[in-house]
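Quick notes on the structure that follows.
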Amino acid sequence: MDSKYSTDAIAAARSLQVFTYIYTSMATFWTYDYACTIHEEGIFLFCSPWKRVKLLYIVTRYVPFLLFAAHLYLNFLPDETSDTCQFVNNICSCFSLVSFVCSEFFFIFRTYVLWDNNKVVLVAMLSTFAIATAAAIAVSFSTTATAPFETSSIPGITGCYQSSGSMMLFVPYLLLFGLELMLISLTLTCAIQKWRISNSGLYGIILKHNVFYYACGLVFSLVNILTSLLLDYAYSGMFQDFQCVVHAILATRMYLHLWHVNRNGHPSVFTSIDLSDLTPTTYFESS
C-alpha cells in the first residue's frame, strides 16, 4: 500500500481485508456443508410432519444465509457511510441473535430431557438463558449505537468497522460462556449419574452431541472474549459470526443425525422427533 497513508490507515485496511476473507470463507463453508447434507435434509423436510421442532430446524438452518447475504453486502459495498454500516450491522446482529437463540434451544431441551423432564432444571436453564439473552441484546445494541463506524481512507478497500467503544462487545460472549458452562455441567452431572444404568443408543448419541456442542461453545466464546478485548480494528469482531455459524451447523447436523438414527431404528415409522417426544422412555425403547 502507498506510503502516503498512515500506519493506522494501513492497519485498518488490512483488518478489513482479513474480515472480508473470513466472511467469504465462512459463506463458502456454509454452502459446502449445505450441499453435503441436502439429500438427508430433503428426506427430513419431506418425510417428517410439521411440528415445532421442524420449524425450529428450518429457522436455525436458513437464517445464516440471510446473515451472510447482509454481511457480504456490507463487506463489498463501495462508498459506505457510517449510518449505512450501523443499519446493516443492526440487521446482521438480529440475524445472529435469532440463530444463536434457536441453536441453544435445541440443546436446552435436550438437557431437559436428559434430566428426566425435571421442571426445576428447565426453569433454571430458561431463566438463565432469558437473562443472558436480554443482557446481551442490551449491551450489543447500546454499544453499536455509541461506537461509530469507520471506513478505510484507502481507495478500493471496502467494508467498515467500529473504531472505538467496541470492547464492550465481549460481554455477550462472556454471558454465553457462563450459560454454556452451566449447561455442560448439567449434562456431565447427568451423565455421571446415569452412565451405568443407560444402555440406550439414542441416549448416548444425545449425550455426546450435548457435550461436544457445549465444548465448542465454550472454546469459541473464549476466543471472542479475547479478540474483543485484545485486538483492534475489524480484527476484534472477526470470529463473532463464525461462532454463530458453527453453532447453527452443529445444532442442525446433530438433530438431523438423531432423526435419521431414530428413523432407521424404526423403518415403519416416518415421524419426526418432536421436542415433547424427546423423553427418556423414548430413548430406552428405541435402543
Side-chain angles (χ1 to χ4, degrees), residues 29-67 95-115 117 121-122 125-126 129 176 179-180 183-184 186-187 190-191 198 200-218 220 243-267 269-287:
F29 175 65
W30 180 264
T31 304
Y32 173 76
D33 176 75
Y34 180 77
C36 289
T37 59
I38 192 168
H39 177 68
E40 292 82 0
E41 186 168 307
I43 294 174
F44 166 68
L45 293 176
F46 286 106
C47 295
S48 63
W50 283 95
K51 294 185 178 182
R52 289 170 295 173
V53 71
K54 187 172 182 177
L55 179 61
L56 184 64
Y57 177 93
I58 291 173
V59 173
T60 307
R61 182 61 166 162
Y62 292 100
V63 162
F65 280 112
L66 302 177
L67 174 64
F95 288 146
S96 296
L97 178 64
V98 170
S99 183
F100 267 124
V101 168
C102 291
S103 298
E104 291 298 315
F105 260 117
F106 268 110
F107 289 90
I108 286 176
F109 279 100
R110 284 186 176 199
T111 305
Y112 169 59
V113 167
L114 292 174
W115 277 86
N117 299 346
V121 172
L122 179 63
M125 290 189 296
L126 291 180
F129 181 65
L176 182 60
L179 176 66
E180 301 285 4
L183 294 175
I184 197 172
L186 287 171
T187 299
C190 181
S198 175
S200 169
L202 284 178
Y203 186 91
I205 290 172
I206 290 177
L207 192 61
K208 292 175 184 177
H209 283 182
N210 278 27
V211 171
F212 185 73
Y213 177 87
Y214 296 143
C216 287
L218 288 172
F220 281 109
Q243 180 173 359
C244 169
V245 170
V246 170
H247 278 226
I249 288 176
L250 291 177
T252 52
R253 268 196 172 242
M254 288 176 175
Y255 180 78
L256 198 62
H257 175 65
L258 181 65
W259 184 84
H260 279 283
V261 168
N262 187 71
R263 182 187 175 205
N264 293 335
H266 298 81
V269 181
F270 292 85
T271 58
S272 172
I273 306 172
D274 196 357
L275 292 177
S276 60
D277 297 330
L278 288 175
T279 62
T281 304
T282 303
Y283 299 143
F284 288 111
E285 290 178 355
S286 299
S287 60

I'd like to check [X] versus [Y] (side-chain heavy atoms, cut-off strictly below 4.5 Å). Are they in contact?
X    : Y    : answer
V101 : F129 : yes
L256 : R61  : no
C244 : L67  : yes
F100 : L176 : yes
F106 : V53  : yes
C216 : L250 : yes

So, for A251 and T60, which heavy atoms are closest and what is the spacing to 0.1 Å? CB-CG2, 4.4 Å
What is the minimum heavy-atom distance between I249 and T252, and which atoms define it? O-OG1, 3.3 Å
Who are the side-chain contact (heavy atoms from CB on, under 4.5 Å) partners of Y62, not counting sequence neighbours?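 If we apply the side-chain contact (heavy atoms from CB on, under 4.5 Å) test to Y62, skipping adjacent residues, the hits are Y34, E41, L45, I58, F65.
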Any chance you could measure [X], atom [atom1], to [Y], atom [atom2], to the nearest 0.5 Å?
X    : Y    : atom1 : atom2 : answer
R253 : C36  : CZ    : SG    : 6.5 Å
F107 : H247 : CZ    : NE2   : 9.5 Å
Y214 : T111 : OH    : OG1   : 2.5 Å
L179 : I108 : CG    : CD1   : 5.5 Å
E104 : E180 : CD    : CD    : 4.0 Å
L56  : S103 : CG    : OG    : 8.0 Å

If only atom types and distance count, is the side chain of T187 paired as donor or acceptor with the main-chain N or O of L183 below 3.5 Å?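 Answer holds: yes.
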Taking only residues two or more places apart in sequence or in another chain, which ones pass ring pair (Phe, Tyr, Trp, His ring centres under 6.0 Å) with Y57?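 Y57: ring pair (Phe, Tyr, Trp, His ring centres under 6.0 Å) contacts with F44.
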Tell me whether the rings of F105 and F109 are parallel (<30°), tilted (30 to 60°) or perpendicular (>60°).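 Parallel, since the angle between the ring planes stays under 30°.
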